[in-house]
S.K.: 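Here it is, the structure, as structure tokens.
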Amino acid sequence: MKIQALKGFKDILPAESGVWQRIEQTARDVFHRFGFAEIRVPILEKTDLFVRSIGEATDIVEKEMYTFIDRNGVSLSLRPEGTAPVLRAFIEHSLHTLQPVQRLYTIGPMFRHERPQKGRLRQFHQLSVEVLGADHPRLDAEVMAMAWMLLTELGLTVRLEINSLGCPACRPDFKAALENFLADRAGSLCEDCERRRLTNPLRVLDCKSSHCRAQYQTAPAITDYLCPGCADHFAAVEQGLDLLGIPATRNKFMVRGLDYYTRTTFELVTDQLGAQSAVGAGGRYDGLVAQLDGPKLPGIGFGMGMERLALLLTEQVGASAPAGADLYIAALGPAALERGFQMAHVLRGQGVRVSMEHDGKSLKSQMKQAGRLAARYALILGDEELASGQAVLRNMGAGTQDSLALGDNLHDWAAGLVARIAES
Ligand code: HAM
């Protein structure tokens, strides 16, 4: 039987990895400007961590986790998201004692057994960001502004939608109103909503069925039920976004698929990825650290799906250029191959991206390879050039060429070539 990757698990091939590197480098750069530090946490955790944080009655915990019993009889799960493991590490290492406010990010694979489709995988990757220890509404605006800056620097255009989910003081009133509203419509909702109506009523607002959605147009809005503290917080978040010039629209139906959120929630959405419209999403979770037996500290964060960012980058900005090389050494004959071998090593040591093959193919075939790599320059070196002490340096883009003296000292020669390449 032919061995293939699992359904929903995707290889990121060399032609795509340039886009991924660009996303990752831009993200790190932006996050560092906002004072975030990287934390790397395990991919496997005790199942209980996710049940207690994401929530027992969520789709993720009910039917999407990769869970198994290990050799010691312990239930383990591949992480379906990054917040719970980061908080587990934060609590385990008492990071709050080092700095009262921790700004953390992590980048890596997450696993959810969902039905794969465009932009939805079973192994996907997130840029996952958390701030622990502060609940100022300006921080919420700052975190959203950081996500916005990252997308802007990648050249992407999306919409920012925001909502507030209230707190344990005001949400029960909203929940009761929603339950009444849904009870009046019992029997006319889809199968999922009929079930969620009883297990996790807020989740119905997220239903994709047009029949249910039409009915929910008149459902109570959580923002009408916020207590004064939550209402003030939400107003201040909107004002903060305004101060930074970040355009946001309210979406009263945004409820999020994870149970830990309080107050601010947000999604970065696009119409360009079919059904998978959220490029990123997050919100505040002021009770979660304590719920996981940590100190009573608030938190906020977001996750961005890297597959979706990569798709959108290809769609909105265009495919990436090939990896490329600064210089291709086309060497012909044993002596030139030997000299070229040394030249490539010394040039690489001086920061130049050099490609060359060792099998001395014809000049035509080597120049073809230089073209495939989109090399900026080609150095043509044959036994004749070695004897005369002059090689040929070809500017591949301009199609021009010059002779280049070889000299006796390889390091000095390489430094001269580096300067010359840098000029153009
Ligand atoms: P989430 O909304 O479940 O939130 O996921 C965040 C983002 O991950 C989504 O907006 C989407 O771009 C991407 N994503 C989720 N599932 C998939 C999938 N199956 N395939 C491809 N991309 C996917 C969280 O995970 C929270 N931990 C975010 C957060 C951090 N909230 C506070 N801090």
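Atoms within a ligand are numbered from 1 in the order they appear, just like the ligands themselves.
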S.K.: Could you tell me whether Arg28 and Glu24 make a salt bridge, using a distance below 4.0 angstrom between a side-chain N and a carboxylate O?
M.R.: yes
S.K.: Who's touching ligand 1 if we go heavy atoms under 4.0 Å?
M.R.: Glu81, Thr83, Arg112, Glu114, Gly119, Arg120, Leu121, Phe124, Gln126, Val129, Glu130, Arg256, Leu258, Tyr260, Tyr261, Ala278, Val279, Gly280, Ala281, Gly282, Gly283, Tyr285, Gly301, Phe302, Gly303, Gly305, Arg308
S.K.: Quick one: side-chain hydrogen bond (donor to acceptor under 3.5 Å, both in side chains) pairs with a partner in residues 4-15, sequence neighbours left out?
M.R.: Lys10-Glu16
S.K.: Using a strict 4.0 Å threshold on nitrogen-to-oxygen distance, state whether Arg196 and Asp59 make a salt bridge.
M.R.: yes
S.K.: According to side-chain hydrogen bond (donor to acceptor under 3.5 Å, both in side chains), who are the partners of Gln99, at least two apart in sequence or on a separate chain?
M.R.: none
S.K.: Can you list everything that forms a side-chain hydrogen bond (donor to acceptor under 3.5 Å, both in side chains) with Glu179? Sequence neighbours excluded, please.
M.R.: none
S.K.: Indicate yes or no: does Asp48 engage Arg88 in a salt bridge with an N to O separation below 4.0 Å.
M.R.: no
